[in-house]
Amino acid sequence: MADHYSSFERGGKRWFLQRITAVFLIGVLAFHFVLLHFVNHAAEIEFAGTQARMGNVGYFSLMWTFLVTATFHGVNGVYNALVNQGLDGTQKKVVAAVLTVASLLLILQGTRVALAMSGVL
Amino acid sequence: MSTQIEEQRETEEEVETEPETESPGERRRAVKRERAAQREQEVETALDEAEETVELKVFRYDPEVADKEEPRFDSFTVPYHKGMTVLDALIYARDVYDSSLTFRHSCRQAVCGSDALFVNGRQRLGCKTQMGDLEWPVRIEPLPHQDVVKDLVVDMEHFYEQMHAVEPYFDPDETPDGELEEQRQTPENREKIKLSTRCIWCGACMSSCNIAAGDNKYLGPAAINKAYRFAMDEREGESRKEERLRIVEQEHGVWRCQTQFSCTEVCPKDIPLTEHIQELKREAIKSNLKFW
Amino acid sequence: MHEHDVIVVGAGGAGLRAAIAAHEHGADVALVTKLHPVRSHTGAAEGGINAALHPEDSWELHAYDTMKGSDYLGDAPAVDTFAKEAPNEVIQLEHWGMPFSREEDGKVSQRPFGGLSHPRTTYAGAETGHHLLHTMYEQVVKRGIEVYEEWFVTRVAVTDHDDPEGRECHGVVGYEIKTGEIDGFYARNGVILATGGLGQAFDHTTNAIANTGDGQAMAYRVGAPMEDMEFVQFHPTTLPSTGVLISEGVRGEGGILYNEAEERFMFEYGYANNEGELASRDVVSRAELTQVNEGRGIEDEYVHLDMRHLGEERILDRLENILHLAEDFEGVDGLEEPMPVKPGQHYQMGGIEVNEHGESCIDGLYAAGECACVSLHGANRLGGNALPELLVFGARAGRHAAGAEMDEPKIPTGPAAESEAGEVDLPVEPGIVGDGSDPVAADGGREADDSRARQTRSDGGAVAIPEEVLERAIEAERDRVDTLLERDGINHADVRAKVQETMTENVNVFREEQNLKQALRDIREAREQYRHVGVADPSRTYNTDLIHTIETRNVIDCAEAITIGALAREEFRGAHWRQQYQERRDDEWLKHTMLAWEDGTPRLYYKPVVLEGHDQTYEPKERSY
Amino acid sequence: MSQSYDRGTVESFGRWREFSAGMWAWILHKFTGWILVGYLFTHIAVLSTSTQGAETYTATLQGLEALLIVRFLEIGLLAVAVFHILNGIRLLFVDLGLGLTAQDKSFYASLLLTAAITVASIPTFLGGAL
């Protein structure tokens with residue numbers, strides 16, 4: 001067990017990032033909810049309104065960062081939960097790969113959506 | 001007095017003469033029957049005399065005995081008295097009803113850590129749990145998340161391996177020169193590690209931990225607490241502390257802790273295990289970020 | 001078969017210290033223990049470790065206090081060696097990381113203790129034993145010393161020369177509890193017994209359930225004499241239902257003892273008009289039992305120890321641990337009600353006769369710790385002297401067994417040290433029952449005792465080939481276990497309970513001739529019954545029924561030795577109180593009580609006390625504090 | 001001779017009845033986490049309609065919002081998100097070593113606060129749908 005000493009990379013960095021993203025997400029998720037359910041009611045959302053918001057560079061970058069951090073936080077959380085249940089060996093590698101690919105696709109698609117919303121695409 | 005001596009003599013004569021007519025085996029069985037009848041009588045009187053009796057439901061399993069190969073629960077009715085512990089009740093059940101009832105026990109005072117059991121759904125030391133504080137009937141099982149060797153005895157091998165994995169021994173960077181020269185330690189530092197040194201290796205924490213149940217490589221609360229005991233001991237020195245942090249910050253080390261506090265809640269020595277694990281996480285992050 | 005240079009049986013304080021010492025002297029050493037090492041009963045020690053560390057203190061003072069405490073039955077070379085080496089051992093422990101309580105300047109704290117002329121007791125909270133045990137086990141792990149845990153040693157393998165001093169020990173036979181496997185441990189250099197106490201000979205004891213006198217009984221049966229077995233320390237404040245110790249600290253802080261009529265009996269009945277509750281352990285124990293025997297006990301069993309008047313704040317500050325003990329083990333809230341207490345067996349001063357190197361009279365057989373009698377504690381052990389004893393003499397036994405060069409021992413051992421034969425009027429024959437024809441004899445019988453095998457060997461000669469000695473011992477143990485498992489018989493627990501009850505009833509704090517004789521009769525009866533024991537659990541897997549049955553045999557032998565010694569010694573010395581003999585009688589009794597197991601029969605003899613120490617000769621004085 | 005009885009994961013996890021506060025907090029945090037990550041993927045999928053033009057996007061969103069079930073699911077989503085946030089704050093404090101002895105109380109507080117916020121937001125969510 002103790003024969004291989006692992007570096008910070010083995011778990012500590014992801015643990016730390018999970019906390020840092022959490023702090024960020026607490027604020028942004030709350031903001032997102034308030035903005036799109038209470039300030040603007042979800043039922044009244046139209047493309048125009050979305051485009052207006054996304055046209056703002058600050059809002060756009062906030063939402064894009066939201067996407068990336070949420071994806072990391074969520075997917076990393078899923079991965080940890082699986083590892084905690086004893087996922088190991090090849091299985092673990094496969095799951096890690098699948099989750100990474102899924103994350104990248106999500107971010108890619110999310111970025112496309114965001115660009116479409118901001119009217120760039 | 002004198003009559004007693006004579007009675008004694010008579011029994012002795014019997015012993016001398018009887019083997020002539022009876023085989024030792026027959027005699028043994030006769031004695032056994034006699035004792036069994038006597039015992040039954042005693043048990044009945046004990047149960048009658050006791051103001052209260054309590055029922056134990058005890059997990060039984062023995063891979064070698066035909067009717068115990070499939071795990072089952074046995075019930076024992078035990079006379080209750082004030083101050084009776086779960087261990088007392090188990091000993092009564094074993095000595096009076098079934099001598100094959102198996103469990104570890106030794107000191108009876110919560111320092112040897114032998115009798116951590118799953119009592120009414122919680123990890124507890126049998127010797128320091130009052131029967132009067134429990135809901136009756138009392139259900140007694142071996143510690144969860146560990147293989148059962150027999151009845152209430154679990155295999156502790158994995159627990160010991162995890163304890164040994166953190167290099168659980170004092171190993172200072174340097175020792176004082178003089179033979180009678182002691183290392184200095186501030187009372188504050190001694191106080192800081194005090195609770196962590198109380199661990200009795202009972203395994204209750206490890207058994208209560210959901211993460212340890214799923215991830216067999218997870219060091220577990222007891223071993224991490226052991227690492228804490230040395231990493232925080234100022235006598236060992238900085239470079240040894242770095243090495244210790246490297247052991248606990250491996251993937252299956254401190255990061256696996258999900259702060260469920262189950263270990264802290266069941267610890268019979270009241271060691272704040274989760275707190276110690278959390279402190280090591282922070283120490284590990286700090287030592288890696290360096291600028292903290 | 002496992003093979004090592006040194007085999008240490010038992011992994012409490014003495015065993016661990018011995019193993020480390022032997023390892024440091026280059027020996028391939030293994031620990032064989034029926035419990036995992038951290039479960040050993042050393043862990044229950046509370047008080048501390050005496051050692052003369054202060055510059056104003058000296059080993060001579062420590063030695064003097066120890067000798068006085070022993071009521072001049074300690075052997076001076078042992079006492080001197082002990083006091084000289086204790087400081088090094090304590091500092092060694094500190095270097096191994098023991099979490100001692102500390103002073104502001106970072107040095108190890110020392111506190112005063114009963115019978116000491118200087119505050120020299122080092123401690124780690126009220127859990128000194130726990131820390132000592134764990135610290136040393138950690139060092140064993142660090143050194144990679146092999147540990148065979150949950151292996152129960154059932155027999156010592158010794159050659160069968162007629163004269164015990166001609167015998168050699170070549171190993172032990174062990175039973176692996178988890179699997180039921182029986183195997184031999186061949187010791188190239190020596191076997192060190194460090195099996196601890198025998199409290200289970202009494203039904204009320206502070207000792208663990210595992211403390212069944214295995215080492216004492218095994219060594220005794222292969223020819224190493226038992227020394228001063230009648231000296232048993234009883235602690236006055238133990239909880240009635242479990243025997244858990246309530247520290248002397250409660251009385252030290254001002255706790256008061258009351259009888260059923262709520263009289264402060266220590267004063268009202270004049271047991272100790274000056275010291276009251278703080279009189280020495282034996283005085284308080286005797287006072288409590290007198291109250292109970294005269295009908296003033298509570299539930300005819302115990303007295304009350306009341307600390308409520310000390311106030312919640314003070315109790316929580318200094319005696320918090322006691323509140324937990326009373327609550328957890330007796331269901332009593334010490335803040336709300338008085339705690340029930342009664343005297344309980346605590347420590348065995350006597351044991352396997354050894355010299356300062358831990359050697360018994362059998363070549364290659366060592367003993368250390370509570371199972372041994374060097375003799376350091378003589379008739380009474382001082383608080384805080386047990387832990388340094390196991391360090392000093394554990395280390396010495398380990399070194400010697402590993403082949404280290406050491407001085408000529410000054411304490412003689414074996415039958416050659418006999419100064420006079422003993423005579424005692426026993427009501428029944430002691431020793432084994434019957435003709436010993438019962439093959440493996442749960443009783444042990446003559447077969448289980450090497451002397452019988454010696455007599456029955458067809459070639460008439462002594463078995464001298466070491467491997468053969470061990471092989472034969474393994475065979476005997478396999479037979480014994482097979483028979484116990486196969487045959488039908490009574491439960492050992494009845495037999496053990498009988499011995500424990502009679503010991504507590506008759507060989508307790510008070511010793512009266514007729515009671516001692518009654519105990520011997522009861523023990524005899526127990527031996528009779530033991531011939532009919534069987535193990536009901538047929539399983540080879542973790543069969544505690546079997547283990548306890550074998551232990552019970554050891555309990556019987558130890559109980560008998562204690563009682564014979566108590567009946568023989570016609571004086572009042574230290575912990576040994578005889579109703580008819582209310583004085584210490586140095587003219588006649590300044591000698592050790594010895595028991596040798598000869599062909600299954602205990603033989604009583606005496607050997608002189610060695611009062612000539614390293615630098616000085618001790619003069620017996622009146623023991624008053 | 002020696003074999004042992006492995007009780008298996010199922011039996012081990014059958015012990016949820018005996019879970020304590022901290023263990024429930026963990027279970028709920030995982031559970032809400034799974035829902036949120038699932039929702040994140042779904043959310044992006046729904047928003048992807050924006051790449052097919054403004055009308056499709058508006059129609060899809062308003063079509064979904066017209067369904068009562070979606071409104072209720074949204075309330076559920078809010079509850080899940082609020083709990084995950086509050087318990088997440090609780091966990092951050094635990095990571096900082098603050099308030100460890102009150103960890104069970106802070107869990108109960110998170111539950112109560114989640115319930116309060118959820119109930120209070122019902123009118124907003126159901127507004128216009130009934």
Side-chain angles (χ1 to χ4, degrees), chain B residues 1 5 8 11 15 24-25 27-29 31-32 35 39 62-65 82-85 88 95 99-100 102 105-114 128 130 132 149-150 153 156 160 164 168-171 175 179-187 190 193-194 197-198 200-201 230 233 235, chain C residues 35-36 38-39 41 43-44 87-88 91 94-97 99 101-108 125 127 130-131 135 138-139 141-142 178 208-210 241-244 328-331 427-428 434 438 487-491 493-494 514 521 528-529 532 534 536-542 544-545:
Chain B
M1 252 320 126
I5 293 169
Q8 180 63 32
T11 13
V15 176
R27 222 189 107 69
R28 209 160 25 239
R29 279 184 285 278
V31 174
K32 188 188 178 184
R35 280 295 305 152
R39 160 105 44 108
D62 186 332
E64 269 186 80
V65 176
K82 192 186 171 199
M84 184 181 226
T85 64
D88 292 338
D95 288 353
S99 62
S100 72
T102 306
H105 62 312
S106 189
C107 77
R108 310 159 299 143
Q109 47 192 284
V111 297
C112 78
S114 302
K128 79 171 276 212
Q130 288 284 317
V149 175
K150 175 174 169 179
V153 174
M156 296 287 284
Y160 295 143
H164 289 175
Y169 39 76
F170 189 71
D171 190 17
T175 33
E179 203 178 46
L180 279 174
E181 190 61 38
E182 63 209 281
Q183 305 163 94
R184 302 298 175 99
Q185 182 182 28
T186 60
R190 201 256 169 192
I193 62 165
K194 185 175 89 181
T197 62
R198 289 200 174 149
I200 56 173
W201 298 45
F230 291 109
D233 192 322
R235 291 175 294 172
Chain C
L35 306 169
H36 182 280
V38 301
R39 321 271 173 234
H41 204 55
N88 291 43
I91 297 300
E94 200 284 327
H95 288 182
W96 286 340
S101 294
R102 300 278 169 165
E103 292 301 314
E104 281 306 317
D105 64 358
K107 287 185 141 190
V108 172
E127 310 140 333
H130 164 80
H131 293 306
T135 301
E138 287 155 11
Q139 292 300 312
V141 172
K142 183 178 182 180
K178 189 176 166 189
I209 292 167
S241 63
T242 52
V244 166
D328 294 341
F329 300 111
E330 202 69 46
V428 284
D438 193 2
R487 81 184 187 186
D488 220 12
I490 62 167
N491 184 350
D494 296 336
Q514 66 201 38
R521 280 190 287 268
E528 290 281 352
Q529 284 178 357
H532 307 297
D537 187 349
S539 177
R540 293 263 172 183
T541 304
Y542 221 97
T544 50
D545 192 3

Are any of the side-chain heavy atoms of [X] and [Y] separated by less than 4.5 Å?
X	Y	answer
C/D328	C/V244	no
B/C112	C/L35	no
C/K107	B/R184	yes
C/W96	B/Y169	no

Mind ranking [options] by heavy-atom pairs under 4.5 Å with chain C and telling me who comes out on top?
options	value
B/A110, B/G113, B/G132	B/G113
B/T186, B/V65, B/D62	B/D62
B/K194, B/M84, B/Q130, B/K82	B/Q130

Identify which part of [X] has an atom lying under 4.5 Å from any heavy atom of chain B, answering side chain, backbone, both or neither.
X	answer
C/H41	side chain
C/I91	side chain
C/T135	neither
C/E94	both
C/A493	side chain

Checking [X] against chain C: side chain, backbone, both or neither under 4.5 Å from a heavy atom?
X	answer
B/R235	side chain
B/M156	side chain
B/T85	side chain

I'd like to verify something: which residue of [options] has the highest number of heavy-atom pairs under 4.5 Å with chain B?
options	value
C/D488, C/T544, C/T242	C/D488
C/E103, C/Q529, C/H36	C/H36
C/A536, C/P99, C/G125	C/P99

| query | Got a second to check how far B/D233's CG is from B/Q183's CD, nearest 0.5 Å? | reply |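 Atom-to-atom, B/D233:CG and B/Q183:CD are 8.0 Å apart.
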| field | Pairing of B/E64 and C/R540 as salt bridge, 4.0 angstrom limit | value |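 Salt bridge between B/E64 and C/R540, a charged N being under 4.0 Å from a carboxylate O: no.
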| Taking only residues two or more places apart in sequence, or in another chain, which ones meet C/H130 in a ring-ring contact (aromatic ring centres under 6.0 Å, His included)? |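 Per chain and number, C/H130 pairs via ring-ring contact (aromatic ring centres under 6.0 Å, His included) with C/H134.
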| Set of residues satisfying ring-ring contact (aromatic ring centres under 6.0 Å, His included) with respect to B/F170, sequence neighbours excluded |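 By the ring-ring contact (aromatic ring centres under 6.0 Å, His included) rule, B/F170 matches no residue at all.
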| said: If I compare all heavy atoms of C/V108 with all of B/E182, which pair ends up nearest, and what's the gap? | reply: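 Looking at all heavy atoms of both residues, the shortest contact is N-OE1, 2.8 Å.
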